[in-house]
Amino acid sequence: MGSRQITEKSLAMLRSLPRLSLGNIRDNPGSRKNIKRGRGQHGGDKHGAGNKGSGQRQNYMRLGYETGNNPFYLRMPHEHYYKGHHHRRQYPPISLLEIQKLIDTNRLDITKPIDIASIVRSGLYNFFPDQKHFGIHLTDEGMDIFSAKVNIEVQWASEQVIAAIEKNGGVITTAYYDPHSLILLKNPKSFFQTGQAIPRRMIPPPDVIEYYTSAEMRGYLADPEKISEERLRLSQKYGYQLPILESDKNYNMLCERKDPRQIFYGLEPGWVINLRDKCILKPKDEELLQFYAS
Amino acid sequence: MNICVKTKYLRSSFVSSLCRLSTAPDLEQNEQVVLIDDTEDVQAKEAAIEKKRNKSGLTQAHYNIINGRRPYEEPKCIAHLTVKYSRKMYGKYGIASGVNPSLCWPTREELREKKEFESVAYPYTIKEVMDSVEIKRQEQKLKTEQREIELASKFAKLEQWKKELNDKINKKANEVKAAKQKKERLVEEVRRHFGFTLDPRDERFQEMLAKREKEQKKLEKQARMEAKEKIMIAKLQQKNVEISEK
């Protein structure tokens with residue numbers, strides 16, 4: 001009966017021991033690592049800067065510097081045709097297809113003249129006057145399916161685009177805005193909230209004066225009579241029947257143009273717009289009037 | 001001080017409380033018009049109530065902004081004294097901001113400066129710019145045309161120039177060839193004189209060569225003299241003939 005005694009003894013022993021719980025079990029072997037206690041917040045490490053050299057000292061070399069080698073960007077001979085490329089005007093493009101999409105999705109109102117302000121307001125086009133962006137370049141993509149009759153003003157357009165718009169009975173103008181005017185057109189509200197008088201639009205620089213005075217490109221400084229001649233000539237070149245503008249029921253809307261000094265449709269330079277009081281303040285001082293009219 | 005207020009704009013409970021609080025003896029209980037008593041203590045009470053009602057914990061400036069009023073009535077820093085700030089306040093909060101809108105336009109001095117800036121930044125009118133661009137274009141065109149004419153005239157002469165150059169090169173080559181042959185002949189003669197091949201660097205060879213060259217030169221000189229004499233004789237004869245003919 002020795003085995004029975006042993007069993008009872010061991011059972012008695014078990015009963016006297018504490019119950020097994022999470023508090024008194026041993027860890028899995030290898031689950032705890034006895035690490036050295038480093039000094040500092042991150043255990044005395046390198047703070048992500050690596051070991052030795054430029055990285056550790058965090059004296060980052062300037063871009064393109066090759067520690068004493070002849071740098072790659074200076075190794076080539078001078079390429080003069082890139083001279084001044086960072087000063088050139090840029091015209092971020094928008095295609096006729098996109099314009100058609102804006103019209104079809106009711107983001108552009110074609111019962112009113114369209115300019116850069118209304119296109120930016122659609123929310124699907126953006127540009128940055130401080131990055132040498134000088135407005136819209138209307139490209140010819142989707143010109144075969146463009147079918148809206150619009151009075152549109154862009155900053156750059158090609159001959160095909162002009163033809164595509166005039167074929168549908170619309171009119172197009174290419175107009176120059178100086179960067180300051182473009183800032184105003186991009187966000188009129190923030191300008192009106194500064195409580196300043198609307199400034200005048202400045203004249204284009206010499207290298208684009210030909211573009212904006214040419215009737216072929218429908219420049220805003222071109223002679224209107226020459227423009228109507230060019231409209232006819234272009235229709236004959238591209239072989240479409242030019243819709244008669246005078247008999248159009250939207251004739252007044254289609255004939256609306258900005259003054260070369262004007263920035264916003266319907267608002268003249270020198271006016272102060274107050275959005276809070278919903279009022280327009282016009283100057284009466286003779287000198288001011290003269291300045292804003294010049 | 002009393003104000004007339006239309007009853008319909010006031011909540012009835014508010015009105016009744018006002019009636020209760022009012023101490024004025026000439027209170028009119030008219031249907032249309034109620035006289036509101038706003039003596040100082042009542043106003044103070046109202047203000048205290050309003051203050052208790054404002055549980056937002058915002059600063060006065062922020063509270064003003066979210067309620068559509070300008071944040072500060074009196075300037076808090078130097079920037080608040082500028083014209084730019086005043087314009088901004090007018091632009092944002094309208095005539096309620098208390099700013100005189102005439103500030104929105106430039107003063108005479110500013111206008112003068114603007115004009116001066118524009119006279120420097122945009123010195124030319126559109127017409128002038130157009131003209132100058134046109135002139136530049138014409139100049140460029142003229143330059144291109146002239147260059148084309150120059151190229152055409154040079155191209156016409158190209159074949160002749162090619163021929164001249166080739167002749168010159170051939171002539172030079174022939175001269176070099178003749179001189180070499182002459183030298184070779186001399187060396188050969190010297191060798192023949194000695195009867196055996198001698199090193200050209202040898203002293204005897206050099207001496208002989210010099211001698212030969214001298215002889216050759218003498219011969220040449222003689223030949224030239226003879227040729228000259230012949231020409232002279234011919235000339236003299238010619239002259240004689242002319243004289244006799246006369």
Side-chain angles (χ1 to χ4, degrees), chain A residues 175-176 178-180 184 187-215 219-223 259-261 268-294, chain B residues 64-71 79-80 82-141:
Chain A
Y176 173 83
D178 55 310
H180 189 218
L184 266 56
N187 194 349
K189 189 182 163 193
S190 83
F191 171 73
F192 295 149
Q193 282 186 340
T194 62
Q196 286 167 288
I198 301 173
R200 296 168 305 158
R201 202 193 322 178
M202 290 303 153
I203 65 166
D207 57 331
V208 279
I209 199 102
E210 275 189 324
Y211 187 88
Y212 291 114
T213 51
S214 70
Y220 74 121
L221 300 170
D223 184 9
D259 186 78
R261 285 298 198 187
E268 282 173 26
W271 289 5
V272 174
I273 315 299
N274 197 298
L275 298 176
R276 179 61 174 271
D277 298 343
K278 294 194 175 64
C279 69
I280 294 174
L281 307 179
K282 299 173 188 177
K284 276 189 177 166
D285 182 51
E286 211 40 58
E287 208 175 331
L288 278 175
L289 285 175
Q290 220 171 36
F291 174 72
Y292 285 114
S294 65
Chain B
N64 284 346
I65 289 171
I66 63 162
N67 285 297
R69 293 189 294 268
R70 62 179 295 181
H80 294 171
T82 56
V83 176
K84 191 178 171 186
Y85 182 78
S86 303
R87 281 179 184 167
K88 222 171 173 177
M89 287 301 106
Y90 176 71
K92 250 192 170 160
Y93 304 108
I95 203 75
S97 66
V99 176
N100 184 356
S102 68
L103 275 180
C104 298
W105 285 280
T107 60
R108 290 193 189 248
E109 182 62 20
E110 281 166 354
L111 205 61
R112 198 184 55 73
E113 272 175 18
K114 258 186 188 182
K115 278 179 187 168
E116 194 184 333
F117 172 80
E118 279 178 16
S119 69
V120 175
Y122 306 94
Y124 305 111
T125 61
I126 292 170
K127 184 79 184 112
E128 282 166 356
V129 176
M130 274 165 72
D131 289 346
S132 70
V133 167
E134 185 58 35
I135 288 166
K136 221 177 246 176
R137 184 163 289 270
Q138 289 296 338
E139 273 173 10
Q140 193 62 38
K141 203 179 158 191

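The figures that follow rest on heavy atoms only: side chains count, while hydrogens, waters and symmetry mates do not. Here is how names work: the chains are called A, B, and so on, in the same order as the sequence lines, proteins then strands, and each is numbered from 1.
Only the side chain of B:Y122 comes within contact range of chain A, with heavy atoms under 4.5 Å apart. When heavy atoms are compared at a cutoff of 4.5 Å, A:T194 approaches chain B solely by way of its backbone atoms N, CA, C and O. At a 4.5 Å heavy-atom cutoff, B:Y85 makes no contact with chain A through either its backbone or its side chain.
Ranked by heavy-atom pairs under 4.5 Å with chain B, the list A:G270, A:P260, A:P204, A:C279 is led by A:G270. Per-residue heavy-atom pair counts under 4.5 Å with chain B were compared for A:L288, A:D207, A:I273, and the maximum is reached by A:L288. Each of A:I209, A:D277, A:L275, A:N274 has some count of heavy-atom pairs under 4.5 Å with chain B, and the biggest count is that of A:N274. With respect to chain B, the highest number of heavy-atom pairs below 4.5 Å among A:P206, A:A197, A:S294, A:P283 belongs to A:P283.
Here B:Q138 pairs with B:E134 under the side chain to side chain donor-acceptor pair (under 3.5 Å) rule; sequence neighbours left out.
Within 6.0 Å of CZ on B:R137 lie no more than 12 heavy atoms contributed by other residues, nucleotides or ligands. At most 12 non-hydrogen atoms from other residues, nucleotides or ligands lie less than 6.0 angstrom from NZ of B:K84.
Judged by distance alone, the side chain of A:R276 and the main-chain N or O of B:G68 form a donor-acceptor pair under 3.5 Å.
In this structure, the separation between CD on A:E210 and NZ on B:K136 is 10.5 Å, given to the nearest 0.5 Å. Rounded to the nearest 0.5 angstrom, A:L221 CG and B:I126 CD1 are separated by 4.5 Å. Separating the CZ atom in A:R200 from the NZ atom in B:K114 is a distance of 8.5 Å, to the nearest 0.5 Å. Here the CD-CE distance, from A:Q193 to B:M89, works out to 10.0 Å after rounding to the nearest 0.5 Å.
Proximity of B:R108 to A:D285: side-chain heavy atoms (C-beta onward) are separated by under 4.5 Å at one or more points. Here the side chains of A:L281 and B:W105 are in contact, with some heavy-atom distance below 4.5 Å.
Between A:I203 and B:Y124, the closest heavy-atom pair is CD1-O, 3.4 Å.
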